[in-house]
Peer 1: 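The structure follows.
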Amino acid sequence: MRVAVIGAGTMGSGIAQVCATSGHVVRLHDASPGKSAEALVAVRSSLERFAAKDRLGGQEPDDVLGRIEVAPSTGSACEAADVVIETVVERLDVKHDVFGAAVEAAPADALLATNTSQLSITQIGSVLGADASRLVGMHFFNPPVMMQLVELVVGLVTSDSTVKAAEAFASGLGKETVVCRKDSPGFLTSRISAIVRLECLRMLEEGVGSASDIDKALRLGLNFPMGPLELGDFNGLDTYLHALESLERSLGERFRPTVTLRNLVAAGRLGRKTGHGIYRYAGDGSRVDDGVDGAGAPSGANR
Ligand SMILES: NC(=O)c1ccc[n+]([C@@H]2O[C@H](COP(=O)([O-])OP(=O)(O)OC[C@H]3O[C@@H](n4cnc5c(N)ncnc54)[C@H](O)[C@@H]3O)[C@@H](O)[C@H]2O)c1
């Protein structure tokens with residue numbers, strides 16, 4: 001199949017890799033100059049790690065990379081696409097612009113999918129008129145190459161055939177699916193993970209425990225694969241703040257972001273991608289401290 005991936009950030013690069021590894025031909029577009037080329041570098045290094053572990057199904061990294069082409073615009077990426085996957089920043093206005101251009105250019109029967117973590121599929125589709133029936137949430141998890149689940153989210157006017165097509169496409173990528181039948185904020189997964197991570201931030205702010213002990217407690221005591229605070233750094237604290245603000249608007253103040261989280265984002269401490277978030281990271285991505293305290297200062301700092 002021909003797949004257009006719009007947005008080549010954290011998720012777009014991984015989704016392009018998953019699609020190309022499964023044999024699809026991908027056209028990747030990002031509005032930020034150089035971003036798609038950067039994504040291809042990340043995809044190459046990930047594919048080389050998979051190949052070294054003999055986990056590319058006998059393919060060479062170059063074979064997979066040869067199926068990903070950078071497109072100069074959303075329109076050109078979507079021409080002749082069977083599937084369009086939008087994975088741009090989590091802003092309704094930007095997603096509206098992208099789908100406006102995508103629906104103009106894509107074939108009239110293309111599957112339209114958004115990777116939003118918690119925005120309303122129905123609102124994203126409100127600019128699509130009758131074509132909104134072809135729009136479905138296809139929520140991949142980070143990193144898409146490793147995570148098993150794709151959460152499908154059904155908008156108010158999403159057709160049954162669209163959901164079936166998305167299920168078949170995800171399953172062809174080797175993914176499991178769950179269906180969030182009601183287009184409600186945060187779906188099945190983001191709503192829960194937001195509240196758990198928020199409670200960890202509140203405990204940090206109250207001085208109940210250090211960041212590293214809160215994460216360790218959830219990893220070793222509650223069997224979380226990763227602590228919620230380190231996961232926040234991994235996914236990007238800015239993304240998490242936007243998600244909380246949106247959940248607060250729709251579901252109420254129990255989702256209100258903490259002051260520390262706002263301060264970290266305002267200071268550009270966004271997590272791994274900037275080398276510093278709740279924790280500080282070395283150039284190779286390893287963690288080099290025990291995290292901030294409830295005021296955003298290094299834990300144990302003499303202030
Ligand atoms: N990061 C995660 O853990 C995660 C997990 C699941 C879903 N998501 C969702 O995936 C989407 C992307 O998140 P991300 O973490 O990859 O963000 P990101 O900031 O890493 O990447 C977003 C990309 O979109 C590009 N972009 C912005 N406007 C554009 C436009 N008009 N046309 C084309 N490209 C444009 C930006 O240049 C950027 O490269 C969001 O909706 C987010 O909620 C994120």
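Quick note: residue numbers are just sequence positions, from 1. Whatever order the structure lists ligands and atoms in, that order sets their numbers, starting from 1. Values in this document were obtained by computation on a predicted structure and should not be read as measured data.
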Peer 1: Is Met11 close to ligand 1, meaning an N/O of one under 3.5 Å from an N/O of the other?
Peer 2: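 For ligand 1, there is an N or O atom that lies under 3.5 Å from one belonging to Met11.
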
Peer 1: Do Ser159 and Ser161 get their side chains close enough for a donor-acceptor pair, meaning under 3.5 Å?
Peer 2: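 Per modelled atom types, Ser159 and Ser161 side chains form a pair under 3.5 Å.
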
Peer 1: Does the protein put any heavy atom within less than 4.0 Å of atom 17 (O) of ligand 1?
Peer 2: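 No, no protein heavy atom sits under 4.0 Å from atom 17 (O) of ligand 1.
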
Peer 1: With ILVMFWY side chains joined below 4.5 Å, transitively, what does Val25's cluster contain besides itself?
Peer 2: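 None; Val25 is a cluster of one.
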
Peer 1: Mind checking whether His242 contacts ligand 1 via backbone (N, CA, C, O), side chain (CB onward), both or neither, at a 4.0 Å heavy-atom cut-off?
Peer 2: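 No part of His242 comes within reach of ligand 1.
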
Peer 1: Answer with side chain, backbone, both or neither: which part of Thr114 has a heavy atom less than 4.0 angstrom from an atom of ligand 1?
Peer 2: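 Neither part.
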
Peer 1: Out of Val88, Asn115, Thr239, Leu270, whose heavy atom sits nearest atom 40 (C) of ligand 1?
Peer 2: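 When every heavy atom of Val88, Asn115, Thr239, Leu270 is considered, Val88 comes closest to atom 40 (C) of ligand 1.
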
Peer 1: Please could you name the atoms of ligand 1 that Val89 approaches to less than 4.0 Å, counting only its heavy atoms?
Peer 2: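 Counting from 1, the qualifying ligand atoms are 22 (C), 24 (O), 27 (C).
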
Peer 1: Between Thr10, Thr87, Asp30, which one has a non-hydrogen atom sitting closest to atom 25 (C) of ligand 1?
Peer 2: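 Ranked by closest heavy atom to atom 25 (C) of ligand 1, first place is Asp30.
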
Peer 1: Below the 3.5 angstrom mark, is there an N/O of His139, backbone or side chain, next to an N/O of ligand 1?
Peer 2: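 In this structure, His139 places no N or O atom under 3.5 Å from an N or O of ligand 1.
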
Peer 1: Considering only the protein, which heavy-atom contact is closest to atom 42 (C) of ligand 1, and what is its distance?
Peer 2: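 For this ligand atom, the closest protein heavy atom is Ser117 OG, 3.6 Å.
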
Peer 1: Should the pair Lys273-Asp233 be classified as a salt bridge under the 4.0 Å nitrogen-to-oxygen rule?
Peer 2: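 Salt bridge: no.
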
Peer 1: In ligand 1, which numbered atoms sit nearer than 4.0 Å to a non-hydrogen atom of Lys35?
Peer 2: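 So the answer, numbered in order with elements, is 39 (O).
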
Peer 1: Are Arg67 and Gln59 close enough that a side-chain donor and a side-chain acceptor fall under 3.5 Å?
Peer 2: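 Judged by distance alone, the side chains do pair up.
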
Peer 1: Using heavy atoms and a 4.0 Å limit, tell me yes or no: is Asp97 in contact with ligand 1?
Peer 2: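 In this structure, Asp97 fails to qualify as a contact of ligand 1 - no heavy atom is under 4.0 Å.
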
Peer 1: Is the terminal nitrogen or CZ of Arg287 (NZ for Lys, CZ for Arg) located under 6.0 angstrom from the six-membered ring centre of Tyr279 and within 45° of that ring's axis?
Peer 2: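 The answer is yes, since Arg287 meets both limits relative to Tyr279.
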
Peer 1: Within the structure, does Asn235 bring an N/O atom to less than 3.5 angstrom of an N/O atom in ligand 1?
Peer 2: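 Asn235 vs ligand 1: N/O contact under 3.5 Å present.
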
Peer 1: Is the shortest distance from a heavy atom of Lys273 to ligand 1 less than 4.0 Å?
Peer 2: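 The answer is no: ligand 1 sits nowhere under 4.0 Å from a heavy atom of Lys273.
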
Peer 1: Does any N or O of ligand 1 fall below 3.5 Å from an N or O anywhere on Ala31, backbone included?
Peer 2: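 By distance alone, the answer is yes.
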
Peer 1: Please check: side-chain N/O of Asn235 versus main-chain N/O of Gly232, any donor-acceptor pairing under 3.5 Å?
Peer 2: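 It does not hold such a pair.
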
Peer 1: Write out the residue and atom name of the closest protein heavy atom to atom 6 (C) of ligand 1, then the distance separating them to 0.1 Å.
Peer 2: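 So the nearest neighbour among protein heavy atoms is Phe140 O, 3.1 Å.
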
Peer 1: So, do His242 and Tyr240 have ring centers that fall under 6.0 Å from each other?
Peer 2: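 Ring centroids of His242 and Tyr240 are no less than 6.0 Å from each other.
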
Peer 1: In a check of side chain to side chain contact (heavy atoms under 4.5 Å, CB included) between Gln123 and each of Thr116, Asp183, Leu92, which one passes?
Peer 2: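 Output: one option passes, namely Leu92.
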
Peer 1: Just distance, no hydrogens or angles: give the donor-acceptor pairs under 3.5 Å from side chains in residues 1-12, sequence neighbours left out.
Peer 2:
residue : atom : partner : partner atom : Å
Arg2    : NE   : Ala80   : O            : 3.1
Arg2    : NE   : Asp82   : OD2          : 3.4
Arg2    : NH2  : Asp82   : OD1          : 3.4

Peer 1: Rounded to the nearest 0.5 Å, what separation is found between the CZ atom of Arg197 and the CG atom of Leu218?
Peer 2: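 One gets 11.5 Å once the value is rounded to the nearest 0.5 Å.
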
